[in-house]
2 protein chains.
Amino acid sequence: MRIGELSERTGTPRRLLRYYEEQGLIVADRLPNGYRDYDASNVDRVAQIRGLLDAGLPTRIIKQILPCLNKPRVIHFPDATPEMLATLEEERDRMTERIRCLVRNRDAVAEYLDAVRGELAEPSA
Amino acid sequence: MRIGELSERTGTPRRLLRYYEEQGLIVADRLPNGYRDYDASNVDRVAQIRGLLDAGLPTRIIKQILPCLNKPRVIHFPDATPEMLATLEEERDRMTERIRCLVRNRDAVAEYLDAVRGELAEPSA
DNA sequence: TCGAACCCTCACATTGATGTGAAGGTCAAG
DNA sequence: CTTGACCTTCACATCAATGTGAGGGTTCGA
């Protein structure tokens, strides 16, 4: 598919698809006329990229992480340098910490909302 | 305490403490000489702010959320406008979505690492 | 009284993720 | 053949979170 379709199917501005490509997060073939030609797998891939970005990871980390997440399941582990493994461990722990923080604050917000709800629903309780 | 101590105790550059104040996330008294004077509660507050920022919330949202999270427990709900409640609900859901995404990807990274570990530990398995 | 270590404000620089638009090529349908 | 909807690259703009540093005051101990 061309960039317009991928843009629509992922809800992502064309500009960003080109940006992700520039950052090495996705690859695109080229049609004879120079247009980008995307494989269907890019729909999922872009969704994952956006999720990770939204989760706070910078593109340079995502670039490192993505190759590991795409493999269907346990296969070859060819180019896993020690530095990369260290980066991944670090990032995994950062993500865990982020999750903990997010959950804590999400729960606090939710509790607050529930409390207000209760207040409004049972003014005399 | 003055800004230097708060900076040390929170691991946050002074520059950012001033920025958070400028954004209305924290408040500081002033000593007679003009120096900022922070209440001890700001240590926790700054930690929370940084957590939320790191979780991807912009300061303008944090500013709205924070007042709700600081109350010790269920107390008065004075200035909870409907718009604010809507914002909070929206943000709560965004956070939940973010958590889901983060967990999914964190687990994927962790699985990958475990797999590589297994590979290295039991080369003949 | 001097220097070190604080603090202040102001303001410009940078970085990453984006928006926006110009100048132009491709292609299908009227 | 022209129009409109695509696509291309390039480049400058923006926004939030930060870095950095200038220029200057305060405080305290040697």
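Proteins come first, then strands; the chains are lettered A, B, ... in the order of their sequence lines, and each starts at number 1.
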Which part of the nucleic acid, if any, lies within reach of A/Leu31 when heavy atoms closer than 4.0 Å are counted: base, sugar-phosphate only, or nothing?
nothing
Quick check: on DNA chain D, is the nucleotide nearest B/Leu57 upstream (toward 5') of the one nearest B/Tyr35, or the reverse? Name the residue that is more 5'.
B/Leu57
Can you see if the side chain of A/Arg18 gets near the phosphate of D/dT8 - specifically, an N or O under 4.0 Å from OP1 or OP2?
yes
Given the options B/Arg15, B/Arg30, B/Arg14, B/Glu21 meets salt bridge (charged side-chain N to carboxylate O under 4.0 Å, His left out) only with B/Arg30
Starting from P on D/dA17, measure out to CG on B/Leu52 and report it in whole angstrom.
12 Å
Less than 4.0 angstrom between a side-chain N/O of A/Asn33 and OP1 or OP2 of C/dC27, yes or no?
yes
Search all heavy atoms of B/Leu17 against all heavy atoms of B/Tyr38 and return the closest pair with its distance.
CB-OH, 4.2 Å
Does atom CD (A/Glu8) have a neighbourhood of more than 12 heavy atoms from anything else shown, all under 6.0 Å?
no
Would you tell me whether B/Arg50 and B/Tyr20 have side-chain atoms, one donor and one acceptor, within less than 3.5 Å of each other?
yes
Phosphate contact (C/dC7 OP1 or OP2) by B/Arg14 side-chain N/O below 4.0 Å:
yes
Over how many whole Å does the gap from A/Glu22 atom CD to D/dT8 atom C1' extend?
14 Å
Verify the contact: side-chain N or O of B/Arg50 to OP1 or OP2 of D/dT18, cut-off strictly under 4.0 Å; return yes or no.
yes
Determine: side-chain N/O of A/Thr59 to OP1/OP2 of C/dG16, distance under 4.0 Å, yes or no.
no
Base, sugar-phosphate, or nothing: which does B/Arg30 touch, judged by heavy atoms less than 4.0 Å apart?
sugar-phosphate
Of the options D/dA16, C/dT18, D/dG19, whose atoms approach the side-chain atoms of B/Tyr19 most closely?
D/dA16
OP1 or OP2 of D/dT8 sitting under 4.0 Å from any side-chain N/O of A/Arg36?
yes
Pick the nucleotide of DNA chain C nearest each of A/Pro32 and A/Tyr20; which residue has the one closer to the 5' end?
A/Tyr20
Looking only at side-chain N and O atoms, does A/Arg15 come under 4.0 Å of OP1 or OP2 in C/dT20?
no
Just checking B/Ile3: base, sugar-phosphate only, or nothing, at a heavy-atom cut-off of under 4.0 Å?
sugar-phosphate
Test A/Glu97 against A/Arg94 for salt bridge (Lys or Arg N to Asp or Glu O under 4.0 Å), laying out the working first.
CA-CA 5 Å; A/Glu97 186 44 49; A/Arg94 295 175 71 80; over 6 Å; no
